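Take a look at the structure set out below.
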Amino acid sequence: MKILVTGFEPFQGVPENPSGVLMSEVEQWHPHDTDPAGYSLKSAVLPTEYEGCETRMKALLEEFPADVVLGTGVHKERELVHLESTAVNLDDSKRADNAGVSRHGTKIIKGGEGFLKGNLEWEYLISDLGKAGIQAVMSHDAGFFVCNHYYYWLCHRRCLVDFPHSVGFVHLPVQDSKEDLQRVLQIGRTTLRVVLEGILSRFVDRI
Ligand code: PCA
């Protein structure tokens, strides 16, 4: 089984993005193609761009045909870890992406469903996270910026071609200040470890 984990580059107002910073660590946990249990893990940092993240993901999925994709990003207004159930077919943010593109009321996929859902079994993972001391909540609103765009694109692709077979997205909290970065990284690190271990131990045989 192949698992691809993604984070995002820094963006307007977030000069260091913990989701991107953690990606270099994640791959070390179960190095690509060397794991005796037969699964491999790859990580990538995506551009915080509506179009750019799609282009990068298409290339990544060709090179590494992942069964599971776990997307991560940060959410500026949230203090807890949010497990995103749903992506909405709408780009709508005051903030410009890293390519300078602003979108208002723009459909992500013309003619696509109004919203789509990921298919990781979050309820188990919330309880695993709680045991590891991480307070996580379910969310049905991934915002209307690049994370939601990316998640909708992934869910849409899964519905169309069943590849990747399973997708999910986690929003991590963001640091208040430079000094706060280590605290947030620790939350993100534990979250990713628990979620990945949960995926591997619970869902492996169903893929
Ligand atoms: N958070 C932004 C985009 C990149 C990231 O980490 C968002 O929530 O859309």
Side-chain angles (χ1 to χ4, degrees), residues 4-27 43-58 60 69-109 112 114-118 120 122 134 136-157 167-178 180-192 195-196:
L4 175 61
V5 188
T6 64
F8 276 104
E9 286 176 351
F11 57 101
Q12 223 182 77
V14 181
E16 274 185 289
N17 190 331
S19 72
V21 173
L22 287 168
M23 290 304 111
S24 58
E25 290 183 28
V26 164
E27 211 162 320
S43 63
V45 182
L46 304 177
T48 308
E49 299 171 14
Y50 295 110
E51 295 291 329
C53 67
E54 289 185 20
T55 310
R56 178 94 175 89
M57 267 312 271
K58 280 180 201 153
L60 275 166
V69 174
L70 176 67
T72 69
V74 291
H75 197 300
K76 284 192 82 177
E77 280 98 46
R78 295 180 184 164
E79 306 227 317
L80 303 179
V81 169
H82 280 59
L83 308 177
E84 303 292 353
S85 68
T86 308
V88 178
N89 189 5
L90 189 65
D91 290 335
D92 192 53
S93 176
K94 281 188 256 168
R95 194 178 291 137
D97 74 3
N98 287 0
V101 174
S102 299
R103 290 193 173 169
H104 305 285
T106 312
K107 289 259 182 245
I108 298 166
I109 306 233
F115 67 88
L116 291 171
K117 287 190 173 281
L120 291 183
W122 292 127
I134 300 288
V137 291
M138 278 312 300
S139 159
H140 311 293
D141 170 12
F144 298 103
F145 189 44
V146 176
C147 288
N148 173 71
H149 178 101
Y150 167 63
Y151 195 24
Y152 187 88
W153 180 85
L154 264 182
C155 292
H156 184 257
R157 191 184 156 115
V167 300
F169 193 93
V170 177
H171 260 129
L172 302 172
V174 77
Q175 64 276 19
D176 295 337
S177 60
K178 218 169 177 260
D180 193 35
L181 180 64
Q182 290 310 322
R183 180 189 65 86
V184 174
L185 285 175
Q186 192 50 45
I187 293 174
R189 190 175 288 126
T190 309
T191 300
L192 290 182
V195 169
L196 286 170

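None of the values given here were measured: they were computed from a predicted structure. Indexing begins at 1, ligand by ligand and atom by atom, following the structure's order.
Ion pairing between Glu54 and Arg157 fails under the 4.0 Å rule for side-chain N and carboxylate O.
Taking every heavy atom of Phe145 and a limit of under 4.0 angstrom, the matching atoms of ligand 1 come to 2 (C), 3 (C), 7 (C), 9 (O). Residue Gly73 has at least one heavy-atom neighbour below 4.0 Å for each of these atoms of ligand 1: 6 (O). Residue Asn17 approaches ligand 1 through these ligand atoms, each under 4.0 Å from one of its heavy atoms: 5 (C), 6 (O). Heavy-atom proximity to Thr48, at under 4.0 Å, picks out these atoms of ligand 1: 3 (C), 4 (C).
Contacts between His75 and ligand 1 below 4.0 angstrom, taking non-hydrogen atoms only, are absent altogether. Counting heavy atoms closer than 4.0 Å to ligand 1, residue Phe8 contributes side-chain atoms (C-beta onward) but none from N, CA, C or O. Residue contacts with ligand 1 for Val14 are absent, since no atom lies close enough (heavy atoms, distance under 4.0 Å). Proximity of Val74 to ligand 1, defined as any heavy-atom pair under 4.0 Å, is shared by backbone and side chain alike.
Evaluated by nearest non-hydrogen atom to atom 2 (C) of ligand 1, the leading choice among Ser19, Gly20, Gly7, Cys147 is Cys147.
Taking the six-membered ring where tryptophan is involved, the planes of Phe8 and Phe169 are tilted, since the angle between them lies from 30° to 60°. Phe11 and Phe145 have tilted rings, their planes meeting at an angle from 30° to 60° on a 0 to 90° scale.
Counting only N and O atoms by type, the side chains of Glu9 and Thr48 include no donor and acceptor under 3.5 Å apart.
Put simply, part of His171 is less than 4.0 Å from ligand 1, judged by heavy atoms.
Within 6.0 Å of atom CD in Glu79, 12 or fewer heavy atoms from other residues, nucleotides or ligands are found, so the atom counts as exposed in its surroundings.
With a 4.5 Å cut-off on side-chain heavy atoms, Pro18 and Val74 count as touching.
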Taking it one step at a time, do Thr6 and Arg56 satisfy side chain to side chain contact (heavy atoms under 4.5 Å, CB included)? CA-CA 11 Å; Thr6 64; Arg56 178 94 175 89; over 6 Å; no
